[in-house]
Each structure stands twice: as structure tokens, then as C-alpha cells.
Amino acid sequence: MTGPAQRCLVVGLLVACCSNLGGCYYLQAVRGQLEVLCKREPITEVLADDATPAEVAERLKLVQQARDFSIAELGMPDNGTYRSYSDLGRDYVVWSIFAAPELSLDAVNWCYPVVGCVSYRGYFRHERALKEAQALEARGYDVYLGGVPAYSTLGRFDDPVLNTMLRWDDLQLVGTVFHELAHQVLYIADDTGFNESFASAVEEIGVERFLSSRGSDAALAAYRLRTAQRRALREVVASARNDLQRYYTETLDDDEKRLLKEHRLDQLATDVSALVAAQGGAQSNGTFASWNNATLLSFNLYSGWVPAFHRMYADCKQDLTCLYAEATRISGLDRAVREPYLEALASR
């Protein structure tokens with residue numbers, strides 16, 4: 001037995017093992033991964049099927065082009081990732097929880113075998129995620145719960161394109177392919193912010209290169225406008241985050257800190273709304289309905305060090321091989337050294 005059927009059997013055995021252990025968070029995770037793997041079909045077969053909707057076929061052809069480009073031009077692994085398609089029949093593949101104390105920007109971390117500790121916890125069923133989020137809120141944490149259309153298994157499985165990814169426009173879809181593949185280029189344990197910011201920077205660089213290679217001047221101009229808008233949003237959020245970090249560490253009583261927090265988050269919401277309105281609503285899908293410590297953490301994890309990696313890329317004279325090597329070198333530094341180094345890079 002080979003291929004997907006064999007993988008389904010292996011993961012099914014893991015499900016049975018978890019069941020024998022009495023069930024736990026890992027049981028739902030293994031079951032969810034099993035569903036993703038067992039519903040895979042080779043993209044070539046999906047495209048050859050007359051029953052495949054034309055819109056789905058067009059998006060999958062775009063993924064094929066982006067995947068080939070990622071290997072030839074971006075130095076991404078040449079493996080089975082994004083060579084198959086899974087239709088899960090729902091809008092998100094997982095729902096992730098981010099949490100932080102009421103008066104702190106220190107993320108709650110969850111630790112797992114192999115990948116180490118990360119600043120979020122994912123569930124394949126919304127009701128399970130909601131229950132955990134409510135339990136954390138009851139314990140006094142700020143919590144953010146959001147749907148996730150894609151994730152990476154870091155090359156341990158051949159991740160398929162998911163129907164949840166096809167909800168995005170073409171630029172977001174191509175960007176997600178590059179983002180998730182970047183995790184296979186570099187991923188370090190216990191530093192979610194480093195990993196996600198690196199992948200976000202590679203995503204932006206990759207999409208620009210992809211559009212340039214296709215002679216898509218109008219699309220490239222639109223994407224550069226979009227990244228400039230994201231940069232402006234990052235600056236607004238970073239300002240609020242820095243202010244809150246200062247409030248939380250000052251010698252004030254908790255009630256004073258709560259009042260300062262409330263006012264600053266209200267101001268952040270106002271500033272973001274004004275920015276989105278000025279940009280014609282283009283970034284509305286990248287903002288939150290409400291802000292708290294957890295939403296700030298979620299936003300920062302994916303973008304906090306992006307300016308540092310862009311500076312690294314510029315110093316490498318826009319050579320991706322050099323960027324990967326330098327980022328790998330920095331990843332080997334102790335975190336107490338790595339973060340000030342990245343902060344210095346970002347401020348140049």
C-alpha cells in the first residue's frame with residue numbers, strides 16, 4: 001500500500017493510539033490532520049475531471065504556476081506540497097486561539113512534540129475552539145479566536161491546497177503558497193514571531209517577483225500599494241503596542257493600568273478605522289472587530305519582524321539565497337541576542 005491510502009492508515013493508527021490514551025487535545029488534532037490527508041486528490045486529476053467547477057480549476061492552475069515558480073525562482077523545496085487538493089466543505093481548516101494576561105503582552109504558549117512551543121492553539125472544530133476560548137476568558141485572559149484557511153506541517157506531510165484557501169483573491173492565494181512553503185525553508189522551535197515574520201517577508205518578496213516575471217505591471221502596482229498599506233497598519237498597531245507595554249511595566253496600580261489600556265485600545269480602533277477609510281477599505285480583512293492584548297499579539301506575530309527581514313534582504317542585494325542563509329544564522333542566536341539584533345535591523 002502506498003501514497004495517500006498508506007498515510008491515512010498511519011494517521012488512523014495514531015488516532016487509535018490517542019484513543020487508547022483516553023483522548024485529549026492531540027486526538028482532535030490527529031483526526032483533523034487525517035481528514036485533510038484522506039481527502040487529497042492530485043491537482044492533475046482534479047483538473048482532468050469534467051465535474052470540477054471552472055472557477056476552482058482556474059485557481060488550481062494558478063497554484064500550479066506559483067508552485068513551479070517557488071521551486072525555480074524562490075529556492076523552495078521541490079516536494080509534494082501543494083500538488084494535491086482537499087475540499088473540506090467548510091470555510092476554515094482550523095480555528096486558532098491566542099491569549100495573553102489582562103495586563104501583559106506576554107503570550108500564553110502551548111508546547112508540542114517536534115515543533116516546540118507556539119503562541120497559539122489550533123482546533124479543527126469551531127465548537128472545541130470556542131469552548132477553550134471561553135475557559136481562558138473565564139480565567140481572566142484576553143483572548144482572540146480566529147479562523148485559519150491554511151497551515152503548514154513543515155514538510156512532514158505533503159500539504160494539499162485546501163478549498164478554504166480559494167476564498168482569497170489571486171494575490172492572497174499565491175502569497176499563502178509562498179508563506180507556508182517558507183516555513184519549510186526555515187523554522188525554529190519556540191519563536192512564533194520569528195517564524196511567521198520570516199514567512200510573511202518571503203511571501204511579500206515572492207509575490208513581487210512572481211508578478212514581475214509575468215509582466216503584470218498593473219497587478220504589481222496594486223500589490224505594492226497593498227504592502228504599503230499593510231506597512232502603515234503595522235506602524236499604527238506597533239505604536240499602540242509600545243504604549244501598552246510601557247503602561248503595563250510602570251509602577252501603577254491595576255485599576256490605573258486598566259483605564260490606560262481601555263483608552264489606548266479605543267484610540268487604536270479609531271486610528272485603524274481612519275486608516276482603513278483613507279485606504280478605501282482595502283485592509284479591512286487584515287484588521288480586527290475589536291482589539292485587546294491577544295489581538296495585538298496575533299497581529300504582531302505575523303508582522304512584527306517583517307521590516308527586519310526586508311532590511312536583511314536589501315543588505316543581501318535582493319539575493320534570496322543570501323537572505324535564507326543570514327536568517328538561518330540569526331535564528332541560531334540566543335533569543336536575548338536575536339531580538340535586539342532584529343530590532344536594530346528594523347530601525348535602520
Side-chain angles (χ1 to χ4, degrees), residues 95-111 117-121 129-146 190-197 200 229-279 283-308 334-347:
W95 287 262
S96 286
I97 298 168
F98 299 82
E102 180 192 10
L103 298 174
S104 171
L105 289 173
D106 293 332
V108 173
N109 286 320
W110 289 271
C111 299
C117 298
V118 295
S119 302
Y120 53 84
R121 192 167 181 85
L130 182 60
K131 182 177 180 180
E132 176 65 15
Q134 290 171 339
L136 287 164
E137 287 177 336
R139 291 162 55 191
Y141 288 102
D142 280 12
V143 177
Y144 168 62
L145 171 62
D190 305 335
D191 196 337
T192 305
F194 180 94
N195 294 325
E196 296 300 342
S197 291
S200 293
Q229 291 171 337
R230 279 203 301 260
R231 195 177 309 120
L233 181 60
R234 284 199 298 263
E235 291 172 358
V236 168
V237 175
S239 175
R241 187 180 64 250
N242 292 339
D243 286 345
L244 287 171
Q245 185 66 53
R246 187 175 69 255
Y247 300 157
Y248 296 154
T249 55
E250 286 180 350
T251 54
L252 304 170
D253 65 45
D254 286 353
D255 284 341
E256 289 179 290
K257 292 180 180 181
R258 289 187 184 99
L259 186 59
L260 288 169
K261 172 186 176 182
E262 180 182 358
H263 288 327
R264 190 61 184 90
L265 290 178
D266 285 346
Q267 183 61 53
L268 172 61
T270 299
D271 292 344
V272 170
S273 294
L275 181 62
V276 170
Q279 295 173 349
Q283 289 298 305
S284 60
N285 63 347
T287 59
F288 300 96
S290 62
W291 292 89
N292 61 26
N293 292 340
T295 51
L296 283 170
L297 282 169
S298 171
F299 189 94
N300 187 55
L301 287 172
Y302 283 82
S303 63
W305 299 123
V306 168
D334 184 88
R335 190 165 185 166
V337 177
R338 183 167 66 240
E339 291 194 348
Y341 185 92
L342 290 170
E343 189 170 340
L345 268 181
S347 64

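Minimum heavy-atom separation, D142 to E102: OD1-CA, 4.0 Å. The two atoms that bring S303 and P307 nearest to each other are O-CD, 3.7 Å, heavy atoms only. For T295 against N292, the heavy-atom pair with the smallest separation is OG1-N, 2.7 Å. Residue Y120 comes nearest to S96 through the heavy atom pair CD1-OG, 4.3 Å, listed as atom of the first residue, atom of the second, then distance. Closest heavy-atom contact between K261 and L103: CD-CD2, 4.5 Å. Summarising the geometry of V143 relative to A133, their closest heavy-atom pair is CG1-CB, 3.8 Å, with the distance given to 0.1 Å.
Evaluation of the salt bridge (Lys or Arg N to Asp or Glu O under 4.0 Å) rule for E339 yields R335 as partners, not counting sequence neighbours. Partners of K257 by side chain to side chain donor-acceptor pair (under 3.5 Å), not counting sequence neighbours: none found. Residues meeting the side-chain contact (heavy atoms from CB on, under 4.5 Å) test with T249, sequence neighbours left out: Q245. Taking the side-chain contact (heavy atoms from CB on, under 4.5 Å) definition, one finds that L301 meets it with F98, S119, T192, sequence neighbours left out. Take N195 and apply the side-chain contact (heavy atoms from CB on, under 4.5 Å) test, not counting sequence neighbours, and it matches H183, Y187, I188. By the side-chain contact (heavy atoms from CB on, under 4.5 Å) test, E235 pairs with R231, sequence neighbours left out. Every residue meeting the side chain to side chain donor-acceptor pair (under 3.5 Å) condition with R121, not counting sequence neighbours, appears here in chain and number order: Y112, Y123. Residues meeting the side chain to side chain donor-acceptor pair (under 3.5 Å) test with R234, sequence neighbours left out: none. Judged as a salt bridge (Lys or Arg N to Asp or Glu O under 4.0 Å), and not counting sequence neighbours, the contacts of D255 are R258. Taking the side chain to side chain donor-acceptor pair (under 3.5 Å) definition, one finds that D266 meets it with nothing, sequence neighbours left out.
Using a 4.5 Å heavy-atom threshold, the side chains of L259 and E256 count as separate. Side chains of N293 and D106 form no contact here, defined as non-hydrogen atoms less than 4.5 Å apart. Residues P101 and Y141 are in side-chain contact: their nearest non-hydrogen atoms beyond the backbone lie under 4.5 Å apart. By the 4.5 Å heavy-atom criterion applied to side chains, L296 and W291 are counted as neighbours. Within the 4.5 Å cutoff, the side chain of R338 has no heavy atoms near those of the D334 side chain.
Crowding of E343 atom CD: a count of heavy atoms from other residues, nucleotides or ligands under 6.0 Å not exceeding 12.
Between the CG atom in D191 and the CH2 atom in W305 there is a gap of 9.0 Å [rounded to 0.5 Å]. Note that CD of Q267 is 4.5 Å distant from CG of D271, once rounded to the nearest 0.5 Å. Considering CG of L268 and OG of S239, their distance stands at 8.5 Å, rounded to 0.5 Å. Separation of atoms CZ (R246) and CG (D243) is listed at 4.5 Å; rounding is to 0.5 Å. Rounding to the nearest 0.5 Å places NE2 of H263 at 9.5 Å from OH of Y247. L265 contributes atom CG, which lies 11.0 Å from atom OG1 of T270 (distance to the nearest 0.5 angstrom).
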Pair Y144-L297, side chain to side chain contact (heavy atoms under 4.5 Å, CB included): steps then yes or no: CA-CA 9 Å; Y144 168 62; L297 282 169; over 6 Å; no

Working for side chain to side chain contact (heavy atoms under 4.5 Å, CB included), residues L145 and L130: CA-CA 7 Å; L145 171 62; L130 182 60; 4.1 Å; yes

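Using a distance-only test at 3.5 Å, with no hydrogens or angles considered, no donor-acceptor pair links the side chain of N109 to the main chain of C117. Proximity of a side-chain donor or acceptor of S273 to a complementary backbone N or O of A269 within less than 3.5 Å is detected.
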